[in-house]
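A quick write-up on the structure given underneath.
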Amino acid sequence: MGDKFQLIHDVSPGTTGWTVKVVVAEKFSPRVAQRSPTKYQNLTLMDSEGSTVQATLYGQNITAFQDELLLGKTYLISNALVKETNAEYKAKSGEIQWTISGRTRIRRVEENNSNLLISTYSFTDFEDLPKYMDSNVDISVIGMIIDIEPRRIIQTRFGKECQVQDLVLVNKRFDTVLLTMWETFVDNECKYICQNLRKKTCSDWKAYQSLSISTKADSSFFIDGEFELVEEFKSWGHTNSEIIDNMISEKHYLTSTPSKLSSKLSVPTDEKDFTEIKNIQGLKTMKQFFWIKGKASVKVLNQTYWYMSCNNCNKISSENYGDIYPCVFCKCTDAKAIPRAKVYMQLTDPTGYINATAIGNPAEYFLQSNAEILMNQTLIPTAASMRLSMDEDEIFYVKAITQELSPDCKFEILFIVNPLQIAGDKNKGKAPVEHIGEPIKFLEPTTKRSLFHSDTDDAQSSKKKCDKSTIEITKKNQ
DNA sequence: CCCCCCCC
C-alpha cells in the first residue's frame with residue numbers, strides 16, 4: 001500500500017479532494033432496514049495502517065457495486081459521503097461512516113493486501129471455540145473449506161422452518177469443525193462455495209475461505225460476515241492435498257454428528273435477531289400519476305441544479321464531464337459523463353402546495369436554461385440567470401412516490417406543458433400522455449440478487465432473514 | 001424514470 005494517498009483518519013465530514021486506498025476487509029449481507037423498506041449493506045474498509053471505517057451502500061447501489069467492491073481486493077476511493085454515525089446509534093462519539101453511492105469514485109488497484117488483512121485479525125484455534133460459547137464476544141477463525149453437505153430444512157424450537165447447510169472447515173493442524181450456514185448464507189455463500197468446490201478436482205481444491213464468527217449467548221456461533229484470505233491456504237492446501245483428499249473420502253469429520261451438540265445450538269432467541277415478516281412483505285412502492293395546473297417556483301435557491309449522469313441510463317456518475325467510462329448501473333462500457341439538469345421546487349395551485357423535483361427536460365424547461373450552463377454556474381442563481389418562478393399557470397404531469405412505511409410522499413414532475421402551446425393549436429394532444437390515468441402500480445422491491453455473487457438463480461432469496469450461521473464443533477478427525 | 005442519502 002503506497003503512501004501518497006490519505007488515510008482513513010485523514011478524512012472527516014467536509015474534507016474535500018481526498019483519496020484513500022483501502023482493502024475491502026469485510027462484506028456483510030444486505031439487509032432490510034427494520035423500520036423502513038430500505039436495503040443496506042455494510043462493508044469494512046481498511047487502509048494501509050490497518051485502520052478501518054464502516055462503509056454503507058443503499059438500495060440500488062448494492063447490486064450496482066457488487067462486482068466493483070470485492071472482498072479482499074484493493075481500491076482507491078474518493079468522494080464517498082463522509083459523516084459521523086448517527087448519535088442515536090453510536091456508542092462512542094466521532095465515529096465516521098462512509099456512504100458509497102453513484103457519485104463515489106472507485107478504482108481497482110491490482111495489489112495483494114491479504115497479509116495486511118490477516119495481520120489485523122487474531123484467529124481462535126478450533127479447539128478453543130467451546131470457550132467462547134455464551135460469551136457473546138466476537139471471534140474469528142480461519143480455515144479452508146474442504147467439503148459441503150446438501151442443504152437441509154430444520155425446524156427450530158419455535159416451529160419456524162429454516163434452511164441450513166453444513167460446511168467442513170479444516171485448519172493447518174487438520175482439525176475440523178462443522179460450520180452450519182443458515183438461511184441467506186445458504187443462498188449466497190454456500191452457492192458460491194459449491195461452485196468453487198465443484199470446479200476443482202479433489203486434489204486441487206482452491207476455494208479457501210475464512211469466516212468471521214461471533215458467539216451469542218445461546219451457545220451458537222453466528223457468522224455475520226465474510227472475508228477471504230486466499231493466499232493463506234493456497235500453498236498449504238496444495239502441499240497437503242493428499243491428506244485432505246483422504247479426509248474427504250473417508251469423511252472422518254462426520255464421525256461426530258452435529259446432533260450431539262444441537263441441543264446447545266439453536267437459532268437466535270432474541271426476537272430482534274429475527275426480521276418480522278411485516279417488514280419484508282408488502283414492501284411496495286406505490287406510484288401514481290396525475291396532472292396539476294399551477295405555478296412552480298424555486299424556494300431553496302442554494303441547491304445543486306445539475307448532476308453528472310450517464311448518457312445511456314441517466315444515472316449518477318462519478319466521472320468528469322466528457323469522460324468515457326463503464327457505467328456501474330447500466331453496465332454500458334463506453335458511457336459518457338454528461339451533466340443533467342435537476343431542480344427542487346414548489347408547486348402551488350389555489351388549494352395548496354407540494355414540493356417536487358424535476359429532472360432533465362422539465363427542469364431545463366422550467367429554469368429556461370440547460371444542463372451545461374447550470375453545471376458551470378458557480379454563484380447562487382438569480383432571476384437574471386434563470387427562471388425561478390412562473391408568472392402564469394402551467395400544466396404539470398406529476399408522479400407521486402409513496403413509500404409504504406414513510407409518512408410523506410415524494411413528487412416528481414415528469415412533464416410541463418404551457419397551456420398557451422396547446423390552446424387550439426397543432427400541439428394539442430401531443431403532450432406526452434401515454435401515462436394518463438395509469439392506475440396505481442405496485443412494484444417489487446429492488447435488488448433481489450445475491451450480493452456477494454451474481455449467480456443467484458433461485459428467486460427464493462427474497463425470503464429473509466436470520467442472517468446467521470452456527471458453527472458446531474466436531475471431534476477431531478484423527 | 002433520474003436526483004436526494006437511508007441502517008443499526
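On a predicted model such as this, the values are computed, not experimentally measured, just so you know. To find a chain, count down the sequence lines: A is the first, B the second, and so on, and within it residues start at 1.
If you take CE of A:Met375 and P of B:dC3, they are 18 Å apart, rounded to a whole angstrom. The interatomic distance linking A:Asn355 (CG) with B:dC4 (C1') rounds to 13 Å, in whole Å. A:Leu57 has its CG atom 14 Å from the P atom of B:dC4, to the nearest Å. Summarising the geometry, the separation between CD1 on A:Ile413 and P on B:dC3 is reported as 17 Å, rounded to the nearest angstrom. As rounded to whole Å, 18 Å separates atom P of B:dC3 from atom CG of A:Leu367. Look at CD on A:Glu95: it is 11 Å from C1' on B:dC8, rounded to the nearest Å. The separation between A:Glu364 atom CD and B:dC3 atom C1' is 14 Å, rounded to whole Å. Distance A:Ile338 CD1 to B:dC3 P: 13 Å, rounded to the nearest Å.
Without hydrogens or angle criteria, A:Lys27 side chain to A:Gln66 main chain gives a donor-acceptor distance under 3.5 Å.
A:Lys295 is linked by a salt bridge (charged side-chain N to carboxylate O under 4.0 Å, His left out) to A:Asp393, counting only residues two or more places apart in sequence or in another chain.
A distance of 5.0 Å separates CG in A:Asp47 from CG in A:Leu7, rounded to the nearest 0.5 Å. The line from CG of A:Asp323 to CE of A:Met308 is 8.5 Å long, rounded to the nearest 0.5 Å.
Taking only side-chain atoms of A:Lys342, from C-beta outward, the nucleotide of B:dC3, B:dC1, B:dC8 with the closest atom is B:dC3. With B:dC3, B:dC1, B:dC5 as the candidates, the nucleotide lying closest to the side chain of A:Glu412 is B:dC3. Distance from the side chain of A:Tyr58 is smallest for B:dC5 among the nucleotides B:dC1, B:dC5, B:dC3. In this structure, the nucleotide among B:dC5, B:dC3, B:dC2 sitting nearest to the side chain of A:Ile316 is B:dC3.
Using a 30° and 60° split on the angle between ring planes, A:Trp18 and A:Trp98 fall in the tilted class, from 30° to 60°.
A:Arg103 has no side-chain polar atom (N or O) that falls below the 4.0 Å cut-off from OP1 or OP2 of B:dC5. For B:dC4, the OP1/OP2 oxygens have no side-chain nitrogen or oxygen of A:Gln60 closer than 4.0 Å.
A:Ile359 comes within 4.0 angstrom of a nucleotide base, judged by non-hydrogen atoms across all strands.
A cation-pi arrangement is absent between A:Lys21 and A:Phe5, since the terminal nitrogen or guanidinium carbon is not both under 6.0 Å from the aromatic centre and inside a 45° cone about the axis.
Less than 4.0 Å separates DNA chain B from at least one heavy atom of each of the following residues of residues 301-313 of chain A: A:Tyr307, A:Cys313.
For A:Asn361, the CG atom counts as loosely surrounded, since its 6.0 Å shell holds 12 or fewer non-hydrogen atoms of other residues, nucleotides or ligands.
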